[in-house]
Amino acid sequence: MNGVRTNYIVIMSSCFIFLLVYFSTPDQFANRLRSFPFGTGKYDKATQEPSIPVVKQSPVQNQSSPSIQTPSPETPAQEQYAPSIPNTQKKETTVEEFEPSNGTTEGFGPSLEKDEEPVQEQFRPSVQIPQDDIIHEQFQPSVPIPHKQEQLDGVKFFKKPSCDFSDVQFDLCDVEGDVRVHGKSSSVFSVTSLENYNSEANNETWSVRPHPRKYAAELMAQFREVQIKVADYAQVPKCDVIHNSAAVIFATGGFNGNYFHDFTDLIVPLFITSYRFKGEVQFLVSNAQVWFVLKYSGLLRKLSNYEILDFDKEERIHCYPRVIVGLSKHKDLIVEPSRAPNHISTVEFGHFARMAYSLERNTTTKLGEGSAKKPRLLIMARNHSRALMNREEIVPLIEALGFEVVIGNALFSMDVGEFARLVNSADVMMGVHGAGLTNFVFLPTNAVLIQIVPLGNYERTCQYDFGEPAVDMGLKYLQYSISEEESTLMDLYPINHPVFRDPESIHRQGWQTANGIYLGKQNVRLNFTRFRPILEKTLDLLRQ
Ligand SMILES: *[C@@H]1O[C@H](CO)[C@@H](O)[C@H](O)[C@H]1NC(C)=O
Ligand SMILES: *[C@@H]1O[C@H](CO)[C@@H](O)[C@H](O)[C@H]1NC(C)=O
Ligand SMILES: *[C@@H]1O[C@H](CO)[C@@H](O)[C@H](O)[C@H]1NC(C)=O
Ligand SMILES: *[C@@H]1O[C@H](CO)[C@@H](O)[C@H](O)[C@H]1NC(C)=O
Ligand SMILES: *[C@@H]1O[C@H](CO)[C@@H](O)[C@H](O)[C@H]1NC(C)=O
Ligand SMILES: *[C@@H]1O[C@H](CO)[C@@H](O)[C@H](O)[C@H]1NC(C)=O
């Protein structure tokens with residue numbers, strides 16, 4: 001395998017441990033699932049077909065639970081959150097809302113993984129929406145019944161679905177014209193005239209699992225295939241709901257639950273795929289995970305003006321002028337202008353992330369200009385592994401160099417908007433390699449990201465996961481590899497152990513073994529004498 005490809009695979013995950021914990025699904029989560037925030041049958045901006053009044057004024061409205069509707073686009077997400085930029089130093093930022101009651105809540109960082117290891121076998125199917133969902137039992141099954149129908153107004157053309165199966169990470173079909181979606185049967189129809197339909201060239205079907213982790217075949221098996229078919233007017237189901245907006249169909253699950261994966265597998269790909277629609281796009285989520293929609297509602301609401309539908313359960317036929325099945329993904333946390341619609345970039349993603357939470361600072365204030373305010377340095381704390389053991393000791397030393405220090409702990413349960421404000425208030429973010437560093441997306445331009453690399457040959461992974469994307473977003477990046485005496489592995493293994501002498505031999509034993517040791521059992525005691533030049537360099541960068 002070539003380098004890039006290996007790297008994609010290699011980074012795939014160590015988060016299954018986290019996921020196993022997560023998927024033990026505490027009761028409180030099950031309860032949340034029952035009050036699922038999807039489809040309530042209201043379609044603000046969609047016109048409905050007058051001929052079929054059946055499904056629209058559905059009984060759903062009585063059953064839905066408006067109290068956990070995601071915030072409407074008019075309601076800036078942060079209004080619901082407590083004001084948060086801490087004035088006090090070293091404030092711990094944690095919020096209880098999404099915390100499962102048992103087990104670790106902090107994601108394991110992205111990490112090395114050797115290809116075909118049995119992650120997926122241990123993998124539990126993602127959180128399921130209860131099968132006995134009352135909403136849908138009350139619907140008359142709207143099984144697609146052949147129905148003669150005129151061509152939709154304004155959609156006079158037929159264009160063959162444009163599908164791309166060439167990427168190692170994702171498959172994607174872009175379907176334009178008169179497109180009809182039946183979620184429950186996982187079908188997308190590209191409607192055409194009999195004449196076109198009969199041409200062999202158009203009589204094709206395509207199948208897409210709409211989640212950009214294609215190379216993890218066993219992981220992908222949890223996602224339903226969406227079938228895209230060209231169909232004749234005489235054979236396709238009639239529209240129950242006609243939309244003027246586009247739609248994007250994607251699946252949650254996979255490695256979601258790890259903050260890094262949430263962003264690199266879904267949030268950034270969603271941005272790449274749907275930002276061009278300026279909100280005029282509806283999300284249809286397969287394998288829907290409620291917590292994901294709730295946790296990231298602040299971002300999702302800025303991408304889509306419409307309610308999010310639970311694709312797998314949707315019995316109505318939704319008609320759109322354009323439907324994209326699948327998500328485009330570039331390098332991890334990176335938007336490549338050459339491949340992105342409208343040539344957007346990671347810089348635009350940064351703008352978007354800050355805008356979504358109405359963050360104040362676009363860019364850092366240059367040191368030495370204007371105010372005498374100290375640069376603020378945010379230490380990303382970790383609880384369970386890769387913790388900074390001597391934090392109390394080094395904080396005063398960092399302060400003595402002229403920084404104001406704040407501590408943030410990006411627990412799974414955190415409120416993303418609130419944490420984003422803390423991050424955006426900082427000029428420097430520093431932490432040991434781990435998913436929490438994904439929060440760099442909320443830093444102001446020109447801020448400095450300092451990644452501390454634990455022992456175990458993780459330099460390249462660290463660079464790839466966070467260093468390159470941070471630079472691509474307009475940040476400065478410094479990487480610090482710890483020495484043996486700064487690692488708590490010294491307390492566990494003799495100094496001549498292969499753990500120190502030959503990390504590659506440990507990696508050859510499989511990612512589970514290697515990550516179990518280097519990422520799971522290692523904490524860091526910074527040697528400030530050795531680390532100090534990084535902070536001096538940081539001050540230089542802030543002056544530029
Ligand atoms: C449904 O809602 C309507 C009006 O909101 C109410 O009159 C009716 O009793 C409700 N039905 C049920 C079954 O709750
Ligand atoms: C948490 O785990 C403990 C032991 O594993 C169990 O006894 C307890 O019931 C669990 N609590 C919840 C809320 O799931
Ligand atoms: C189109 O596909 C259908 C079903 O796959 C098949 O029955 C039909 O013969 C095909 N028509 C042409 C023109 O290939
Ligand atoms: C930050 O940047 C965005 C996008 O370029 C712009 O709309 C906004 O006005 C800027 N905010 C400030 C405070 O400069
Ligand atoms: C996590 O760390 C914070 C402080 O850093 C501490 O207050 C809290 O008890 C820790 N939680 C666990 C589960 O260790
Ligand atoms: C800390 O680093 C300095 C500079 O590399 C080194 O001289 C010193 O021995 C280290 N201290 C410890 C306790 O290892």
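The figures that follow rest on heavy atoms only: side chains count, while hydrogens, waters and symmetry mates do not. Treat the numbers as computed from the prediction; the structure is a model and nothing was measured. Both ligands and their constituent atoms are indexed starting at 1 by order of listing.
Protein heavy atoms are found inside the 4.0 Å sphere centred on atom 11 (N) of ligand 6. Protein heavy atoms are found less than 4.0 angstrom from atom 2 (O) of ligand 6.
Between the side chain of Q522 and the backbone N or O of L455, at least one donor-acceptor pair lies under 3.5 Å.
With no hydrogens or angles considered, a side-chain donor-acceptor pair links N383 and N409 at under 3.5 Å.
Polar contact with ligand 6: present for E485 (N/O pair, distance under 3.5 Å).
Regarding atom 9 (O) of ligand 6, its nearest protein heavy-atom neighbour is N527 ND2, 4.8 Å. In terms of protein heavy atoms, atom 4 (C) of ligand 6 is closest to T529 CG2, 4.2 Å.
K295 forms a cation-pi arrangement with F412, by the criterion of a distance under 6.0 Å to the ring centre and an angle within 45° of the ring axis.
A salt bridge links R339 with D167: at least one charged nitrogen is closer than 4.0 Å to a carboxylate oxygen. Ion pairing of E486 with R525 is absent here, as no side-chain N (NZ or NE/NH1/NH2) approaches a carboxylate O to less than 4.0 Å.
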